[in-house]
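Computed from heavy atoms alone, side chains included, the values below leave out hydrogens, waters and symmetry copies.
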Amino acid sequence: CNYHCWHCCSSGGRCRTPVVKVDVVGSNAGRLRQPDVLRAQTRRMLQDHRVRGLATEFAGNWLDFRRFEQHNSVDRERFSSFTDELRDAMRRGSELLFDSIVKDERAVLDLLHADYTFVNERLAAHYGIEGITGDHFRRVPVLDDRRRGVLGHASIHTITSHPTHTSPVRRGKWILDQLLDDPPPPPPPGNDAFREEEVGHLKTLREKLAVHRAKPECASCHDRMDPLGLALENFDPIGRWRDEEGGAAIDATGALPDGRAIDGPTELREVLGEGRAFVRCLLTKLFLYGIGREPDPGDRVALDTLSRELPREPTVADLVVAIV
């Protein structure tokens, strides 16, 4: 039929796509330049099983859990339950959540608010979910509101922590960069770590951050990062929930630059889901993945327009079609 596609290649040369007419995309008639045809063909391709690559390649790079396969910085003497098998299960659970959002055409905000997750026996035990046996993954409801969406995933908590302790700064920076597309600039030279002579006498990480944030050259970024990261402090360096550390109760409160107070992952999730910032961020990340370069000023104007024109609760397919 002179219509070369993966169907023919995978079936020994016998075309198995009779519903797709050759003259739609296989000729020089120019029909693919027609917006309706282009949208239809894009959505058709998004139904292909290979779109699962979005979960491993795109989402893995966007949310940082793809490099989790080689993540070995956890102190395994202190966190003996963190095995290679648990690490792989954490990554797989995050991949499956994103894949379900795409495949089931769910709203992209479900990445923040999903009331279900994917676990096997090992990951379920890590999350405190009972009644799950076996190595195979299955979808389960999230009964603990604090575990909803990607902010409840141990893969995210672990990749944004230090080997022996959590890092509200890393976690806050990750949220600004990966979820809001608003990364802070690099720290001024010599201000990328705590100075022992300034904070050595302090007991809690919150107190140390307050001293660091008091410096004018550090405040502008840390006022944005720290409250976001502190809201996730109940998750330990490998994503287990904890109510205290070192005998002291965890304080997950913070004040955003606009004066709003947040306390814990549930309120943080609600803040991130407001407005269009998260959708705009995902649109930009998909553009970068699809085009292979950073948006230039003209692209950013176009992306701003697209984000306003998208449905109120867009799907990943809506974003991909808009970019195409």
Side-chain angles (χ1 to χ4, degrees), residues 52-76 78-102 108 110-129 132 135-140 142 144-180 228-229 231-242 265 268-269 272 278 281-282 285 289 316:
R52 289 186 176 179
L54 279 176
T56 56
E57 298 296 328
F58 166 70
N61 283 299
W62 167 40
L63 299 176
D64 279 347
F65 58 73
R66 186 166 184 255
R67 61 187 177 94
F68 202 50
E69 297 175 2
Q70 291 81 39
H71 187 73
N72 292 307
S73 66
V74 173
D75 185 337
R76 299 201 183 195
R78 179 171 297 190
F79 302 102
S80 58
S81 64
F82 186 81
T83 62
D84 291 348
E85 292 77 15
L86 177 60
R87 179 193 62 194
D88 293 343
M90 290 177 179
R91 173 187 53 79
R92 185 60 179 153
S94 296
E95 288 177 352
L96 288 171
L97 176 64
F98 186 87
D99 185 55
S100 74
I101 298 294
V102 177
V108 297
D110 278 3
L111 286 166
L112 296 176
H113 302 295
D115 59 357
Y116 64 93
T117 192
F118 293 85
V119 296
N120 62 1
E121 181 177 354
R122 185 172 285 104
L123 188 58
H126 190 69
Y127 288 159
I129 300 174
I132 305 297
D135 291 332
H136 65 286
F137 280 80
R138 76 292 314 263
R139 174 172 165 163
V140 298
V142 173
D144 184 347
D145 188 66
R146 301 168 299 189
R147 283 283 181 192
R148 285 193 172 201
V150 295
L151 290 180
H153 281 212
S155 60
I156 305 305
H157 308 139
T158 306
I159 205 74
T160 55
S161 293
H162 292 295
T164 60
H165 59 275
T166 58
S167 175
V169 175
R170 281 189 180 184
R171 289 177 174 179
K173 181 180 183 298
W174 182 88
I175 290 170
L176 287 173
D177 193 354
Q178 310 307 127
L179 302 186
L180 299 176
L228 302 176
L232 298 176
E233 266 296 276
N234 284 105
F235 295 110
D236 77 0
I238 58 172
R240 298 175 302 190
W241 184 266
R242 57 185 181 173
L268 172 62
R269 190 175 63 243
L272 296 177
F278 177 75
C281 173
L282 180 51
K285 301 294 185 179
Y289 176 76
V316 171

Does any N or O in the side chain of His157 come within less than 3.5 Å of the main-chain N or O of Trp241, such that one atom is a donor and the other an acceptor?
no
Heavy-atom closest pair, residues Phe79 and Pro237:
CZ-CG, 3.6 Å
Closest non-hydrogen atom pair, Ser73 against Pro163
O-CB, 2.7 Å
With a 4.5 Å cut-off on side-chain heavy atoms, are His153 and Leu97 touching?
yes
What are the two closest non-hydrogen atoms of Ser81 and Arg240, and how far apart are they?
OG-NH1, 3.8 Å
Electrostatic pair Asp236-Arg78, nearest N-O below 4.0 angstrom:
no
Is Asp177 reaching over with its side chain to a backbone N or O of Lys173, donor-acceptor style, under 3.5 angstrom?
no
Give a yes or no on whether the backbone of Ala154 and the side-chain of His126 come within a donor-acceptor separation of less than 3.5 Å.
no
Could you walk me through whether Lys285 and Cys281 satisfy the side-chain contact (heavy atoms from CB on, under 4.5 Å) test, starting with their C-alpha distance in whole Å, then the side-chain angles of each, then the deciding distance to 0.1 Å, before giving a yes or no?
CA-CA 6 Å; Lys285 301 294 185 179; Cys281 173; 3.9 Å; yes
Does any N or O in the side chain of Arg138 come within less than 3.5 Å of the main-chain N or O of His136, such that one atom is a donor and the other an acceptor?
yes
Tell me the closest heavy-atom pair linking Phe278 and Leu272, and the distance in Å.
CB-O, 3.7 Å
Closest approach of Glu57 and Asn61, non-hydrogen atoms and distance?
O-ND2, 2.7 Å
Distance in Å, His113 NE2 paired with Leu151 CG, rounded so as to fall on 0.5 Å steps:
9.5 Å
Test Arg171 against Ser161 for side chain to side chain donor-acceptor pair (under 3.5 Å), laying out the working first.
CA-CA 7 Å; Arg171 289 177 174 179; Ser161 293; 3.0 Å; yes
Test item: Arg122 side-chain N/O and Ala89 main-chain N/O as donor-acceptor pair under 3.5 Å:
no
Distance from Arg269 atom CZ to Leu232 atom CG, nearest 0.5 Å?
10.5 Å
Side-chain heavy atoms of Ser94 within contact of Phe118, under 4.5 Å:
no
Report the C-alpha distance between Arg147 and Asp115 in whole Å, list the side-chain angles of each, state the deciding distance to 0.1 Å, and finish with yes or no for salt bridge (charged side-chain N to carboxylate O under 4.0 Å, His left out).
CA-CA 8 Å; Arg147 283 283 181 192; Asp115 59 357; over 6 Å; no
Stepwise side-chain contact (heavy atoms from CB on, under 4.5 Å) test for Thr56 and Phe98:
CA-CA 9 Å; Thr56 56; Phe98 186 87; over 6 Å; no
Value for CG (Leu282) from CD1 (Ile101), rounded to nearest 0.5 Å, stands at 10.5 Å
Output for pair (Ile159 CD1, Met90 CE), nearest 0.5 Å, gives 10.5 Å
For Asp135, is there any backbone N or O sitting under 3.5 Å from a side-chain donor or acceptor partner on Glu121?
no
Going by atom types alone, do Ser155 and Arg87 pair a side-chain donor with an acceptor below 3.5 Å?
no
Hey, would you say the Tyr289 and Phe58 ring centroids sit under 6.0 Å apart?
yes
Salt bridge Asp145-Arg148, side-chain N to carboxylate O under 4.0 Å
yes
Look up atom CD1 in Ile132 and atom CG in Asn120, then write down how far apart they are to the nearest 0.5 Å.
9.5 Å
Asp99 with Arg52: basic N within carboxylate O range, under 4.0 Å:
yes
Trp62 (side chain) donor-acceptor with Gln178 (main chain) under 3.5 angstrom:
yes
So Val108 and Asp110, side-chain contact (heavy atoms from CB on, under 4.5 Å) or not? Walk me through it.
CA-CA 5 Å; Val108 297; Asp110 278 3; over 6 Å; no
Would you say the side chains of Tyr116 and Ser100 form a donor-acceptor pair under 3.5 Å?
yes
Looking only at atom types and distance, does a side-chain atom of Arg242 sit under 3.5 Å from a main-chain N or O of Glu233, one as donor and one as acceptor?
yes
Out of curiosity, Ile156 CD1 to Ile175 CD1, how far, rounded to the nearest 0.5 Å?
10.0 Å
